[in-house]
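Single-structure report; data block below.
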Amino acid sequence: MTKLLVIDDEAPFLRALAISLRARGYVVETATTGEAGLELAARVHPDAVVLDLGLPGLDGLDVLRALRAWTAVPVIVLSARHEEPTKVAALDAGADDYVTKPFGMDELLARLRATVRRIIPGQDEPVVTTPHFSLDFGAKRATDATGEEVRLTPTEWGVVEVLARNRGKLVSQRQLLQEVWGPQYETETEYLRVYLAAIRRKLEAEPSQPRYFITEAGMGYRFEA
């Protein structure tokens, strides 16, 4: 069963959400502060984290950055904040998805399924090798030229995988958004800008002059191996 960690300071909401998720077959751990959430994450190693941004003390973005310092566990951010800069800041800090409160349980469940599905390894998958890095699709793992692992978040890996599986072909912004985030995100082009910048920093020898992850202005992106 999928193990979830839910971090939210609103006790009645947290209790109701945990009951709902458990009724649908998830194992759920809960925390009401960022500090407690980080301690639990290190102890129970959840399959995904549902994280509220508006936490007292250590806020959601700080918790997210702390998680990303040592784990690529999928993180879905919950927030009552609708502003675009807030969404971009969360995604830039390493969030895999962003759900605005109030939300329907079916929507959250769909986001959870999609996020967790992206990290389940496949079998008999190819490896793409370049002079600067290798991509192992079966293990969902990137390594640099020395063989050292390059840590990508699950969403970063999703973007890399879609582009690399279509190597040499233009992948439209709409297609990339639909395949990685889902059809409801097909107009959220700022996600692509944020994630491609992070991917280039991690994999390109010269991120400002990318050799592998190419932007086709106004159209989409292309992977050249």
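If you're wondering where the values come from, they're calculated on a predicted model, not measured in any experiment. In what follows, every heavy atom counts, from backbone to side chain, and hydrogens, waters and symmetry copies are set aside.
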Side chain to side chain donor-acceptor pair (under 3.5 Å) with R211: which residues, sequence neighbours excluded?
none
My understanding is that only residues two or more places apart in sequence, or in another chain, count here; which of them pass side chain to side chain donor-acceptor pair (under 3.5 Å) with E156?
K202
Working to the nearest 0.5 Å, report the span between CG of L135 and CG of L152.
8.0 Å
Non-neighbouring partners of E190 that pass side chain to side chain donor-acceptor pair (under 3.5 Å), sequence neighbours left out
none
Result block: side-chain N/O donor-acceptor pairs under 3.5 angstrom for residues 100-110, not counting sequence neighbours:
unit_1 : atom_1 : unit_2 : atom_2 : d
K101   : NZ     : D8     : OD2    : 2.9
K101   : NZ     : D52    : OD1    : 3.2
E107   : OE2    : R111   : NH2    : 2.7

So do the side chains of Y98 and V77 get within less than 4.5 Å of each other, counting heavy atoms only?
yes
Mind jotting down which residue pairs meet the salt bridge (Lys or Arg N to Asp or Glu O under 4.0 Å) criterion with at least one end in residues 67-76? Sequence neighbours excluded, please.
R68-D96
K3 side chain to V44 backbone, donor-acceptor under 3.5 Å:
yes
Distance from I214 atom CD1 to R200 atom CZ, nearest 0.5 Å?
7.0 Å
Using the ring pair (Phe, Tyr, Trp, His ring centres under 6.0 Å) criterion, which residues pair with F213? Sequence neighbours excluded.
F223
Side-chain donor/acceptor of R165 to backbone N/O of V162, under 3.5 Å:
no
Just verifying a value: how many Å separate Y191 OH and L176 CG, rounded to the nearest 0.5 Å?
13.5 Å
Ring pair (Phe, Tyr, Trp, His ring centres under 6.0 Å) filter on F133, not counting sequence neighbours, yields Y212
Applying side-chain hydrogen bond (donor to acceptor under 3.5 Å, both in side chains) as the test, list every pair that has at least one member in residues 33-44; sequence neighbours left out.
none
Quick one: ring pair (Phe, Tyr, Trp, His ring centres under 6.0 Å) partners of Y26, sequence neighbours excluded?
none
What distance do E10 atom CD and L55 atom CG have between them, rounded to the nearest 0.5 Å?
10.0 Å
Return all side-chain donor-acceptor pairs below 3.5 angstrom for residues 14-25, not counting sequence neighbours, or 'none' if the list is empty.
unit_1 : atom_1 : unit_2 : atom_2 : d
S20    : OG     : R24    : NH1    : 3.4
R22    : NH2    : V28    : O      : 2.9
R24    : NH1    : S20    : O      : 3.1

What pairs with E149 under side chain to side chain donor-acceptor pair (under 3.5 Å), at least two apart in sequence or on another chain?
none
Sequence neighbours excluded, the answer for ring pair (Phe, Tyr, Trp, His ring centres under 6.0 Å) partners of H45 is none
